[in-house]
Amino acid sequence: MSVQPLDQTLDHLFRNEYGRLVALLTNKYGISFLEQIEDAAQDTFLKAMQVWGYQSVPDNPTAWLFRVAQNRLIDVLRRDKKSNLIGDDPFPHKEIAKGKDVILDDMIEDSQLNMIFACCHPSLSQEYQLILSLKLIGGFSNKELADALMKKEDAIAKSFTRAKKQFREKVQFLQIPVQMGLQSRLFQVLRVIYLLFSEGYAATTGEQLLKRDICYEALRLALLLRDNKYCGHPNLDALIALMCFHVSRFDARIDKKGELISLEHHDRNLYNQELIDIGIDYLERSGTKDRLPSHYHLEAARSYYHSLAKTFEETDWKSILYLYDVQLKQQYSPMVALNRIVAFEKVQGPQEALKALNKLEKESDFERTGLFYAIKADLLKRLNDKKYQSTLQKAIDLTKNDLVKRYLEAKMFEV
């Protein structure tokens with residue numbers, strides 16, 4: 001087997017199984033051994049890289065990973081003279097080990113959702129809840145977390161260490177709440193799932209823009225929540241709609257050579273109409289009645305307009321711009337304001353959009369944001385401004401995703 005397919009296999013398994021591996025072992029051995037469980041899981045993937053490089057990938061790689069990780073953990077616990085806590089059953093839940101997810105009316109039994117709800121314990125700060133969930137369940141790197149939470153990498157590393165300490169001290173057991181307890185943590189769990197999906201849909205680093213595995217996993221977790229009668233909420237339906245609309249455009253975002261295709265050049269015949277219809281259904285179910293729409297509703301509605309437009313030119317940019325304005329009025333975000341410039345340009349033209357962007361630059365810190373310079377470069381190009389190339393070069397220099405970097409470099413060659 002060549003190195004590239006093995007890398008792809010390991011990346012796929014890491015995104016799908018790392019969180020489940022940590023959750024299963026934590027369920028069985030307890031939060032007090034979280035450090036050893038993390039080490040065992042990471043060592044297992046390193047061993048897989050070494051062993052599978054010389055041998056073929058096992059027929060059931062998931063079972064191999066679970067077995068090796070548990071054996072590694074057992075060895076560590078025995079070495080630490082804690083063997084009295086070790087049982088004989090290699091899997092804490094036979095149903096999960098067989099790939100089944102058990103759903104009860106008032107309790108969530110899926111191991112990863114169990115872990116997310118435990119990480120979102122009210123005794124922890126919201127920041128710690130997010131960091132624990134995304135690191136332990138999503139396998140996020142410090143870089144990915146820093147980008148998602150708009151913090152520095154070293155700050156994320158320190159926060160994760162402190163969060164694990166509080167998790168061990170304050171939570172102690174993975175006791176999943178029932179009824180109202182589930183509902184009280186639901187909004188934070190939805191935010192975790194949203195961030196998981198966002199990283200999969202537009203990866204901040206690496207050679208892939210689109211990590212389908214992590215997107216499908218986020219959608220699976222949301223649908224699993226939807227099956228629990230105590231987790232029903234308009235925000236959940238809107239989040240599912242948002243993910244369906246985005247997933248429906250997967251095949252149009254990357255060409256046959258694996259290169260990025262901009263929204264303007266999408267082959268809309270490749271959009272998955274079945275997923276769009278499912279998204280519409282969930283968006284209609286998510287009616288907010290007497291409450292304000294959440295940002296999931298507003299983002300889902302914007303994605304709805306993109307998914308329905310027969311051509312890029314026929315996109316309802318006025319409605320999309322209105323939805324951006326509503327979201328910014330409800331809760332201001334510099335990144336939402338930055339993305340709004342794209343829709344603003346389609347409605348008001350590049351000259352007015354550049355003025356708005358320059359004003360936004362004075363109000364927010366985009367010095368290290370590649371997207372800011374990419375948007376500015378596009379506006380300068382439309383205005384035939386000589387600063388276009390130098391601005392585009394800044395965008396290229398600041399972009400960490402290899403696929404997006406190549407896309408921007410190709411635009412430079414067009415000049």
Side-chain angles (χ1 to χ4, degrees), residues 1-17 49 52-53 56-57 61 139 141 144 147 196-220 242-279 299 302-315 339 342 346 370-371 373-375 377-378 381-382 392-393 395-415:
M1 175 177 287
S2 63
V3 174
Q4 184 63 27
L6 176 60
D7 287 346
Q8 291 176 349
T9 298
L10 286 171
D11 185 67
H12 166 85
L13 287 169
F14 183 82
R15 286 299 185 183
N16 278 272
E17 303 299 345
M49 187 179 298
W52 297 353
S56 60
V57 176
S141 67
E144 290 170 336
D147 289 336
L196 278 171
F197 184 87
S198 298
E199 175 58 27
Y201 190 73
T204 52
T205 60
E207 297 182 356
Q208 295 175 285
L209 174 71
L210 185 61
K211 297 181 178 178
R212 297 179 185 237
D213 297 334
I214 195 171
C215 290
Y216 292 140
E217 179 62 15
L219 182 54
R220 184 188 74 84
L242 166 64
M243 291 191 284
C244 285
F245 289 138
H246 281 340
V247 171
S248 73
R249 304 201 299 269
F250 274 2
D251 291 341
R253 294 185 69 205
I254 308 294
D255 67 18
K256 293 180 180 179
K257 295 180 180 179
E259 299 299 329
L260 171 65
I261 302 175
S262 66
L263 179 64
E264 184 176 0
H265 296 103
H266 278 190
D267 179 354
R268 297 178 183 241
N269 292 320
L270 296 177
Y271 286 6
N272 187 315
Q273 189 58 50
E274 183 179 359
L275 277 170
I276 292 174
D277 291 341
I278 293 172
E299 287 189 41
R302 291 200 298 268
S303 190
Y304 162 82
Y305 285 118
H306 285 303
S307 299
L308 245 63
K310 298 300 181 184
T311 65
F312 182 77
E313 291 71 24
E314 294 178 60
T315 304
N339 281 289
V342 177
K346 300 302 178 187
L371 178 62
Y373 291 102
I375 291 174
D378 187 62
K381 182 181 180 183
R382 293 175 190 277
L392 181 58
Q393 187 59 55
I396 293 169
D397 294 340
L398 291 171
T399 298
K400 304 301 180 184
N401 184 282
D402 295 338
L403 199 62
V404 178
K405 187 184 288 286
R406 289 200 300 272
Y407 170 76
L408 295 174
E409 289 171 341
K411 294 182 74 171
M412 182 72 82
F413 286 125
E414 289 174 5
V415 178

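Being a predicted model, the structure only gives us computed values, none of them experimental.
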Mind listing the closest non-hydrogen atom pair of [X] and [Y] along with its distance?
X	Y	answer
Arg212	Asp251	NH2-OD1, 3.1 Å
Leu263	Arg268	O-NH2, 3.4 Å
Gly200	Cys215	C-SG, 3.3 Å
Asn401	Val404	OD1-N, 3.1 Å
Cys244	Leu219	SG-CD1, 4.5 Å
His246	Ser303	ND1-OG, 3.2 Å

Once side chain to side chain contact (heavy atoms under 4.5 Å, CB included) is applied, do any residues pair with [X], and if so which ones, sequence neighbours excluded?
X	answer
Lys310	Glu314
Ala218	Ile193, Leu196, Phe197, Met243
Asp267	Asn269, Leu270
Tyr304	Phe245, Ile280, Leu283, Leu308

Ring pair (Phe, Tyr, Trp, His ring centres under 6.0 Å) involving Tyr271 - partner list, sequence neighbours excluded: His266

Ring pair (Phe, Tyr, Trp, His ring centres under 6.0 Å) filter on Tyr407, not counting sequence neighbours, yields none

[X] side, atom [atom1]; [Y] side, atom [atom2] - distance, nearest 0.5 Å:
X	Y	atom1	atom2	result
Leu408	Tyr373	CG	OH	14.0 Å
Arg249	Ile276	CZ	CD1	8.0 Å
Leu398	Lys405	CG	NZ	8.0 Å
Arg253	Ser262	CZ	OG	11.0 Å
Phe312	His265	CZ	NE2	9.0 Å
Thr315	Lys346	OG1	NZ	9.0 Å

Can you sort out the partners of [X] under side-chain hydrogen bond (donor to acceptor under 3.5 Å, both in side chains), two or more places apart, ordered by chain and number?
X	answer
Asp378	Arg382
Ser248	none
Asp397	Gln393
Gln273	Asp277

Test Glu259 against Ile254 for side chain to side chain contact (heavy atoms under 4.5 Å, CB included), laying out the working first. CA-CA 5 Å; Glu259 299 299 329; Ile254 308 294; 5.9 Å; no

Would you please name every residue forming a salt bridge (charged side-chain N to carboxylate O under 4.0 Å, His left out) with Glu409, sequence neighbours left out? none

Within 6.0 angstrom of Glu274 CD, more than 12 heavy atoms from elsewhere: no

